[in-house]
Amino acid sequence: MLLQLKDEISSGSAEDYLHRLFERIERSRLNAFTTLAKESALEMAREFDARHWGGALAGIPIAIKDNICTKGIETTCSSRILKGFIPPYDAHVIERLRAEGAIIIGKTNMDEFAMGTSTETSCFGPTRNPWDLERVPGGSSGGSAAAVAANEAPCALGSDTGGSVRCPASFCGTVGLKPTYGLVSRYGLIAYANSLEQIGPITKTVEDAALLLDVIAGHDPRDSTSVASEKNYLSSIGGEIRGIRIGVPEEYFGEGVDPGVERAVWDAVSVLDDLGASWRKISLPHTKYALPAYYIIAMSEASSNLARFDGLRYGLRVGEDRDWHTTFSEIRAMGFGKETKRRILLGTYALSAGYYGKYYLKALKVRTLIKRDFEHALKEVDIIASPTMPFPAFRIGERITDPLSLYMSDVFTVPINLAGIPAISVPCGFSDGLPVGLQLMARPFDEALLLRVASAYEQSTPYHLRSPEVV
Amino acid sequence: MDDVIIGLEIHVQLNRLRSKMFCGCSTSYHDAPPNTHTCPVCLGLPGSLPVINRRAVEFGIKVALALNCSIAEETMFYRKNYYYPDLPKGFQISQYDYPLATGGYVLIKGDDGQERRIRITRVHMEEDPGRLVHAGTIDKARYTLVDYNRCGMPLLEVVTEPDLRSPKEARQFLDKLRTILEYLDVFDGNLEGSLRVDSNISLAGGDRVEVKNISSHKGVEKALSYEITRQRNLKRRGIEVVQETRHYDELRGVTVSIRTKEEAHDYRYFPEMDLVPLRIADWVPRIRAELPELPDAKRERFREQYGITDDHAKSLTSDIKVADFYEWVAARADPKLAAVWIADVLKGELNYRDLTIESFKRESMLEIVRMLSEKEITDEIAVTLIRTILDRGGSPREIVESMGLKRADDDYVVRAVREAVADSQEAVRDYLSGNARAINYIVGQVMKRTKGRADPSVAHKLVKEEIERQIC
């Protein structure tokens with residue numbers, strides 16, 4: 001779709017296209033955006049219409065999750081504490097997008113500091129699911145997925161710490177890719193849990209995700225954990241998947257999984273089977289420990305990553321300045337939302353003397369076990385298939401008051417982040433009229449195969465062609 | 001002072017590096033306006049990531065090797081979490097488990113004159129925080145300014161075992177450490193804040209007190225002496241010394257309590273996942289091969305190669321620049337004479353004027369040593385030359401010519417002796433009547449007449465001969 005759009009914009013007018021897009025966004029009730037970069041985007045569009053520069057994404061508008069630094073465009077992580085923060089620099093992925101000619105149209109809503117599964121913890125208010133405005137779009141990259149699903153942006157970037165790209169992709173019926181840890185530079189991504197997160201594309205099709213990944217992947221000397229990539233993802237899709245071995249983990253089905261979701265995923269497995277792939281049941285025995293391990297690691301890292309927000313150099317400043325401790329305590333008390341505070345407190349506790357070994361170190365050990373589960377499984381199969389989320393989008397307000405039940409919904413996405421492997425969510429049907437996502441996982445840095453299988457599945461099914469009737 | 005137990009934690013700024021520990025910012029900020037040597041990384045802006053300065057780790061390994069440490073196979077960084085306005089990320093990237101190096105030692109001269117081995121517990125790397133400037137004193141400031149130029153400077157922390165027995169030994173240790181650092185060319189000790197010391201002190205049987213904020217190697221002796229006196233006084237009055245952290249106030253020369261054991265920080269150390277563990281074992285052979293000759297080895301060699309005393313060798317090697325200066329002169333003139341004149345005279349005159357060896361041209365020293373060994377000038381004149389050059393400049397030859405300081409020829413001295421003896425008949429009589437010291441007066445007269453160019457021992461001999469000749 002993006003390749004078509006690129007031709008369309010090149011032969012038509014980027015400015016006209018953008019005008020229509022902004023009109024749509026401004027009429028929308030979704031609340032998908034936190035900041036619109038209307039002026040700079042239109043200016044760029046006019047320039048593009050005049051000069052027609054090249055590049056893999058020449059003239060393509062894109063929406064960016066609000067935790068990715070954009071030079072000159074306010075970047076808030078949907079938190080009061082960062083209101084007014086205008087980064088003086090671009091994240092690596094933004095530099096790459098600009099270099100390939102993309103036009104940034106605005107920043108998308110998210111759970112505060114990416115801490116959530118529903119985009120309800122945003123200080124800008126919740127984003128709505130375009131398939132049912134009373135429901136959440138998933139999170140934390142809910143704004144990005146909702147915008148793409150509702151055609152408010154042809155593509156978007158999100159970030160995935162424990163499912164934050166795949167969950168909203170699943171809830172909104174879009175494609176969402178979490179690349180292998182290290183494939184995409186995190187330079188300029190405002191950290192929530194730095195050992196777990198990756199930036200990933202949210203798009204209408206697998207092909208579009210491959211196109212975006214080609215642009216954003218690759219080594220960046222400013223991120224020591226980033227590695228070089230082959231950059232051939234777009235060309236790797238479209239091939240056969242005959243003989244590919246699919247594993248279906250038994251731990252990802254059963255109790256707590258919506259029957260409609262289960263049915264849709266099994267249907268997907270038989271589609272893959274029809275395409276010549278073979279499948280078998282596998283076991284990822286440590287899955288049940290993934291959730292607590294994930295939350296301990298993520299919260300511990302968050303408690304340290306979010307320590308820098310003291311209002312001293314940027315962001316929120318409240319009341320009168322008093323002594324250092326009083327002032328920064330007040331700013332943090334006012335600036336952070338409830339869920340963010342909860343995670344900072346729990347993380348601080350987990351790292352404290354006397355508890356470190358009991359929680360953090362133990363969680364690291366579990367992480368190793370989870371990683372090993374996947375290593376073993378991916379020796380015998382090439383791809384693992386599961387539901388992305390145990391259920392379709394829930395109602396706004398339904399779970400937000402019960403953090404534990406909200407955390408439970410990440411049960412199929414967090415193991416992937418602990419293991420660092422790549423995973424993608426593709427639309428695989430509907431349950432009671434709400435989109436269901438199929439999660440596919442692959443070996444580290446084998447995005448080429450992952451995208452090939454996902455695309456083969458997608459091209460044999462109609463789900464990606466359906467759009468919600470919104471607004 | 002047998003009951004005194006001191007251990008040190010020394011923070012050394014590796015300020016001979018060109019860029020900071022985790023970003024590309026320049027390290028030469030010392031004369032720059034505040035907050036001009038910063039970037040998103042050292043300001044800890046949201047989204048920025050650190051990258052290890054490889055060179056800094058190499059410098060660290062160099063120092064650790066020179067301190068006889070064993071270098072880790074693999075080293076990694078941790079986060080040390082605490083809130084303070086000089087720390088823009090809310091944590092300091094430091095090391096915890098898997099430090100750069102462990103288990104070394106430094107040799108110093110103990111108070112008893114014997115060589116003592118001070119054990120090094122560990123050497124690790126970290127980033128410097130920014131600098132706070134309080135409007136007034138730390139407890140009464142109306143506001144505080146922050147300068148992040150220093151933030152992210154590469155720091156090396158050297159931790160000793162509690163092997164030091166007196167403030168003087170602590171000073172000796174720091175002097176030796178500083179010498180080693182300068183030999184390695186990783187450190188310029190003249191820059192402000194380049195060496196900072198925290199110290200643990202206890203009296204045998206008592207609790208340990210940490211004294212922070214000692215900012216010079218001279219301050220360490222004062223701070224420790226104060227603290228020992230304080231602890232002794234408490235002990236004498238039957239009050240128990242409690243474990244606490246105290247701040248050294250350099251201006252007032254006292255230590256003040258800043259927190260007790262109960263208020264100790266929990267830094268919640270955990271691995272810095274933005275940095276990958278470094279396998280450094282393979283780096284060590286190359287770095288070891290490139291190590292320069294260190295002070296102890298040089299001192300030994302000077303003694304052997306130039307046949308000079310151990311005191312001279314030690315004095316000449318306590319500063320790499322003095323050692324290089326000496327070797328240059330010693331290669332071209334009498335090495336023993338050069339050692340005496342550089343170690344005993346030149347260094348003293350420099351110290352007196354608070355100057356460094358750079359203020360004196362090695363060519364001038366060579367000229368002076370040569371003139372001395374050729375007996376062209378006297379010792380007195382040589383001293384005059386050194387002083388004149390330091391105070392007014394010029395070359396030895398020029399000064400000798402213009403001031404007519406050349407050692408007087410014998411006829412000239414003989415004439416001066418004759419005149420002096422003739423004019424000092426009273427002293428001659430005293431001498432002859434048994435007052436041997438009266439002759440010094442006459443020699444003084446000779447020196448006066450020759451304006452110091454006569455060799456005093458020669459003059460003494462000639463005066464004696466002239467008097468004896470008179471009696472005959």
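Just so it is clear, the values below take in all heavy atoms, side chains as well, and ignore hydrogens, waters and symmetry mates. Every chain is numbered from 1 and lettered A, B, ... according to where its sequence line falls, protein lines coming before strand lines.
Judged by distance alone, the side chain of A:Arg222 and the main-chain N or O of B:Val51 form no donor-acceptor pair under 3.5 Å.
Annotation: A:Arg322, atom CZ; neighbour count of heavy atoms from other residues, nucleotides and ligands within 6.0 Å does not exceed 12. For B:Glu240, the CD atom counts as loosely surrounded, since its 6.0 Å shell holds 12 or fewer non-hydrogen atoms of other residues, nucleotides or ligands. No more than 12 heavy-atom neighbours from other residues, nucleotides or ligands sit within 6.0 angstrom of CZ on B:Arg252.
Considering every non-hydrogen atom in both A:Ser304 and B:Phe91, the closest pair reads OG-CD2, 3.3 Å. Residues A:Arg313 and B:Pro85 come closest through the heavy atom pair NH1-O, 4.2 Å. Looking at every heavy atom in both residues, A:Glu301 comes nearest to B:Arg79 through O-NH1, 4.3 Å.
Within the 4.5 angstrom heavy-atom criterion, only side-chain atoms of B:Asp266, from C-beta onward, approach chain A. Both the backbone and the side chain of A:Asn305 come within less than 4.5 Å of a heavy atom in chain B. Within the 4.5 angstrom heavy-atom criterion, atoms from both the backbone and the side chain of A:Thr348 approach chain B. Only the side chain of A:Tyr360 comes within less than 4.5 Å of a heavy atom of chain B; its backbone N, CA, C and O stay farther away. Residue contact with chain B, scored on non-hydrogen atoms closer than 4.5 Å, involves the side chain of A:Leu312 exclusively. Heavy atoms of B:Tyr269 lying under 4.5 Å from chain A belong exclusively to its backbone. Heavy atoms of B:Pro88 lying under 4.5 Å from chain A belong to its backbone as well as its side chain.
Atom CZ of B:Phe22 is separated from atom OG of A:Ser224 by 9.5 Å, given to the nearest 0.5 angstrom. The distance from the CH2 atom of A:Trp324 to the CG atom of B:Leu132 is 9.5 Å, given to the nearest 0.5 Å. B:Arg268 contributes atom CZ, which lies 9.5 Å from atom OG of A:Ser300 (distance to the nearest 0.5 angstrom). Here A:Asp223 contributes atom CG and B:Ser48 contributes atom OG; the two are 11.5 Å apart, rounded to the nearest 0.5 Å. Within the model, atoms CG of B:Asp274 and OG of A:Ser195 stand 9.0 Å from one another, a figure rounded to the nearest 0.5 Å. A distance of 8.0 Å separates CG in A:Asn194 from CG in B:Leu49, rounded to the nearest 0.5 Å.
A centroid separation of 6.0 Å or more is found between the aromatic rings of B:Phe270 and A:Tyr356.
Applying the salt bridge (Lys or Arg N to Asp or Glu O under 4.0 Å) test to pairs two or more places apart or on separate chains, those with a residue in residues 15-41 of chain B are B:Arg16-B:Asp185.
Applying a 4.5 Å heavy-atom cutoff, none of the residues of residues 70-81 of chain A approach chain B. Heavy-atom neighbours of chain B within the stretch residues 82-98 of chain A, taken at a separation under 4.5 angstrom, comprise A:Leu82, A:Phe85, A:Pro88, A:Tyr89.
Evaluation of the side chain to side chain donor-acceptor pair (under 3.5 Å) rule for A:Tyr181 yields A:Arg186 as partners, not counting sequence neighbours.
Side-chain N/O atoms of A:Arg332 and B:Tyr83 include a donor and acceptor closer than 3.5 Å.
Between A:Phe309 and B:Pro46 the shortest side-chain heavy-atom distance falls below 4.5 Å.
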